[in-house]
Amino acid sequence: MSEPSLYHVSKEWKRTHRCGEVRKNDVNTDVTLAGWVKKVREFGELTFVDLWDRTGMVQLVFDSQDSELNSLAKSLKAEDVIACKGRIRNRPSDMINRDMKTGEVEIYIGSFVIFNRSKVPPFVVSDKGKANEDLRLKYRYLDLRRDSMQKNLRLRHDIAMTVRFFLSKHGFLEIETPMLVKRTPEGARDYLVPSRLQAGKFYALPQSPQLYKQMLMVSGVDRYFQLARCMRDEDLRADRQPEHTQIDIEMSFISEDDIIDLSEKLMKKIFSEVCGVELDIPFPRISYKTAMADFGTDKPDIGIGLEIHDCTDIFRATGFRAFSSIIAEGGVVRGISYEDGYGLSKSQIKKLEKTAREKGAKGLVWLKVDGGVNSPIEAFLSDDEIAGLKREFGLDEGQKSLILLVAGNFEISTAVLGAIRKSVVISKTQDKNNEYHFVWVNKFPLFFESGEGGMEPAHHIFSIPLEEDLELLDKNPLKVRGHLYDLVCNGVELGSGSIRVHNRKLQERLLSLIGIDRQNAGEKFGFLLEAFEYGAPPHGGIALGLDRLAMIMGGGDSIREYIAFPKTQNAVSLMDGAPSRVEEEVLRELHIRISKKETEK
RNA sequence: GGGGUCGUAGUUCAGCUGGUUAGAACGCCGGCCUGUCACGCCGGAGGUCGCGAGUUCGAGUCUCGUCGGCCCCGCCA
């Protein structure tokens, strides 16, 4: 026994048990344990030390028999790393700690070594000690030592292992695809990697392995999966990091139903194995059109009611000018009935109005209905109109509710109500756990209108149109729907996929619709198009967000809690300081010069 | 690019319409204690109020700018 440092884990100090694993039936065995000191409690000649490792905590006891041992024990501090030898013994019956797995026993210590002393940590390394996220990120290695974070790491591992086992059993091969790839023009901004050997050229980090997994299908791999890192240089959110992990799946000779079926079974397996929740499959499926009309979003939380209703017909003959003029111009009046919102104060309703305006509404009309009605536009409303609203929303006589109405064109009024619904849903679902409302959203349009009057792919340009919409491709491409499907859970987009194009002509046609002509297509996707000419099987797949899945299963609010080393909203790693400047010399080798303006910052 | 919010002791926070000595709890340091496990008791140290300007007799508090964390819009599957 002496002051720390150069001890290594020799045979002598090799541990025989883990801290959280000593139990009553091990009593009287001699053990060697190692771990982190969490707490020292002194009582004169008696000292207790809580020793922790990933498996749990156990109490060590030192007493006066050996005063040197005891005084060294008293010098122990939180987060010191030690190994110790002792005998497991029962605690006195009235001293059993029911809150600890190991609380029936304790280790009577004969000797110990200190591998390393810890400075006083910047925050208390325990779930009981609060710490702000920036501090936690800077000292992530301490943060991860907390039980809640260890639990999150374990959760993620369990999901990953279940995925690997399940897919492997179903005939899928796990295949790695390159991290240094060719930049593709569509989609998110790329992270670029300069090439040293090819002056002036760049690799991109993959936004997803999309093209590679399609090539693997052409290769006859038949069933592929990968836990793939995907990099996107876009702004961050609670559920968006610059790098995230997808459970990436691709299959040959299958239909949309096959992929949905497999995904459902995978989800069921994961929830069952990892957290003992039995999901009901199949999940409901709704079309994109229905999702937008009824929920105002393509990732609806379907578990909490609040569907958007069309109330235009109720107000056809209204005396309320704001509505009548919009209806006359071909607009609509849409609304939701928010029963829990009846008690909202004026200022809380004001906040909803603000949300509405942010999303482009001219205003938000609200009515509190019960036996009567209370609304700023009460004077303009007829009894028929009020009765009509109650009928539309299925409200019984005297039933209380807050009805919110938005008038305008269909898209805006629906989007506004969707946004309001989302802000309301968050507070509604916060106190619920273990409730998972899965839904498939499918039949997405293949294209959306882009800002400049052109078109851009809704998902990506490799998805196949629905058979019945093929003829619209020439006449009205915006009306063409595709074999595209998103998996949504509690309002979070967990994954999306599609059946792919496997025919060169069709692929070229789709590319030309978004302004990529033949020559251009050859430069950018030539290898894909060429591959399609050498026997490409029909194929399709899906990619499920591992980080988001972990977040939902863990009940968290941010995927950062489920990523070992995440970045801040400014895409900075507070722990290691990435990104950073690099030496001039390094840049020169990469044929890069930073403009002066940026250097001065 | 834009909106919101936060920044005070090592940590988490309080600090009113500006007012003279900036507090609490936990942590830390010293002492006492043989059954604690959120131990208890006694004592102590610890502050560039994010940073920079401005208003004022006087700024933690008000104004502007700036930096950083978080939430959101845009953006992004």
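Between A:Asp143 and A:Arg140 there is a salt bridge, since at least one side-chain N of the basic residue sits less than 4.0 Å from a carboxylate O of the acidic one. Taking the charged nitrogens against the carboxylate oxygens, A:Asp547 and A:Arg560 have no contact shorter than 4.0 Å, which rules out a salt bridge.
Only the C1' atoms considered, B:G10 is 33 Å distant from B:C72, to the nearest whole Å. Rounded to the nearest Å, the gap between the P atom of B:U12 and that of B:G27 is 15 Å. Using atom C1' as the reference point in both B:U61 and B:C49, the two lie 10 Å apart (nearest Å). For the P atoms, the distance linking B:U63 with B:G68 amounts to 22 Å, nearest Å. On the C1' atoms, B:G44 is 25 Å away from B:U36, given to the nearest whole Å. A gap of 9 Å separates the C1' atoms of B:C28 and B:G46, to the nearest Å. B:A9 sits 29 Å from B:G4 when the C1' atoms are compared, rounded to a whole Å. For the C1' atoms, the distance from B:C13 to B:U8 is 9 Å, rounded to whole Å.
Within the 4.0 angstrom heavy-atom criterion, only backbone atoms of the sugar-phosphate kind lie near A:Gln246; the bases stay farther away. A:Ala415 comes within contact range of no nucleotide atom at all, as no heavy-atom separation falls under 4.0 Å. The residue A:Asp298 sits close to a base: some heavy atom pair falls under 4.0 Å. Among the atoms of the strands shown, none is found under 4.0 Å from any heavy atom of A:His460. Contacts of A:Pro92 with the nucleic acid, taken as non-hydrogen atoms under 4.0 Å apart, include base atoms. If you check every strand for non-hydrogen atoms under 4.0 Å, A:Gly187 touches sugar and phosphate atoms only.
Per the geometry, CD belonging to A:Glu79 stands 14 Å off P belonging to B:G27, to the nearest Å. Computed from coordinates, the A:Arg136 CZ to B:U12 P distance equals 11 Å when rounded to whole Å. Taking atom CG of A:Leu135 as the reference point, atom P of B:U8 lies 11 Å away to the nearest angstrom. Atom CG in A:Asn132 sits roughly 9 Å away from atom P in B:U11 (whole-Å rounding). If you measure from atom NZ of A:Lys77 to atom C1' of B:G10, you get 16 Å, rounded to the nearest angstrom. Between the C1' atom of B:U34 and the CZ atom of A:Arg89 lies a distance of 11 Å, rounded to the nearest Å. Per the geometry, CD belonging to A:Glu456 stands 11 Å off C1' belonging to B:C75, to the nearest Å. Distance, A:Gln207 CD to B:A77 P: 6 Å, rounded to whole Å.
Between A:Phe123 and A:Tyr139, the two ring planes are perpendicular [angle over 60°; tilted spans 30° to 60°]. Ring geometry for A:Trp440 against A:Tyr485 counts as perpendicular: the plane angle is over 60°, on a 0 to 90° scale with 30° as the lower cut.
Tested against A:Leu544 for a side-chain contact (heavy atoms from CB on, under 4.5 Å), the candidates A:Gln246, A:Met267, A:Glu493 yield a single pass: A:Met267. A side-chain contact (heavy atoms from CB on, under 4.5 Å) with A:Leu205 is found for exactly one of A:Arg183, A:Met231, A:Glu243, A:Arg229, namely A:Met231.
RNA chain B is contacted by both A:Lys130 and A:His244; A:Lys130 maps to the nucleotide lying nearer its 5′ end (nearest heavy atom per residue).
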Point to revise | Base-contact (B) and sugar-phosphate-only (S) positions in nucleotides 65-74 of chain B, heavy-atom cut-off under 4.0 Å, - elsewhere | key: ----SBBSBB
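Remark: the backbone N or O of A:Val441 is not paired with any side-chain donor or acceptor of A:Ser287 at under 3.5 angstrom. Of the possible polar contacts, one joining the A:Gln507 side chain to the A:Ile461 backbone as a donor-acceptor pair under 3.5 Å is found. With hydrogens and angles ignored, the 3.5 Å screen pairs no side-chain donor or acceptor of A:Arg334 with any backbone N or O of A:Val406.
Taking A:Asp53 as the reference, A:Thr55 meet the side chain to side chain donor-acceptor pair (under 3.5 Å) condition, with sequence neighbours excluded. Residues satisfying the side chain to side chain donor-acceptor pair (under 3.5 Å) criterion with A:Tyr108, sequence neighbours excluded, are A:Asp63.
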Point to revise | Step-by-step salt bridge (Lys or Arg N to Asp or Glu O under 4.0 Å) determination, A:Asp301 to A:Lys422 | key: CA-CA 8 Å; A:Asp301 189 330; A:Lys422 193 178 159 194; over 6 Å; no
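For the ring-ring contact (aromatic ring centres under 6.0 Å, His included) condition, the pairs that include at least one residue of residues 52-74 of chain A, sequence neighbours left out, are A:Trp36-A:Trp52, A:Phe62-A:Phe112.
Counting distance only, with no hydrogens placed and no angle test, the side-chain atoms of A:Glu45 and the base atoms of B:G35 include no donor-acceptor pair under 3.5 Å.
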Sort me out a list of protein N/O and nucleotides 37-40 of chain B N/O pairs below 3.5 Å, or just none if empty.
{"residue": "B:C37", "atom": "O4'", "partner": "A:Arg41", "partner atom": "NE", "Å": "3.2"}
{"residue": "B:C37", "atom": "O2", "partner": "A:Gln59", "partner atom": "OE1", "Å": "3.4"}
{"residue": "B:C37", "atom": "O2", "partner": "A:Asn97", "partner atom": "ND2", "Å": "3.2"}
{"residue": "B:C37", "atom": "N3", "partner": "A:Arg91", "partner atom": "NH1", "Å": "2.6"}
{"residue": "B:C37", "atom": "N4", "partner": "A:Arg91", "partner atom": "NH1", "Å": "3.2"}
{"residue": "B:C37", "atom": "N4", "partner": "A:Met95", "partner atom": "O", "Å": "2.5"}
{"residue": "B:C39", "atom": "OP1", "partner": "A:Lys39", "partner atom": "NZ", "Å": "2.8"}
{"residue": "B:C39", "atom": "N4", "partner": "A:Glu42", "partner atom": "O", "Å": "2.7"}

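With a cut-off of 3.5 Å on both pairing distances, the Watson-Crick and G-U wobble pairs of RNA chain B assemble into stems of 3 or more at B:1-7 with B:67-73, B:10-13 with B:23-26, B:28-32 with B:40-44, B:50-54 with B:62-66.
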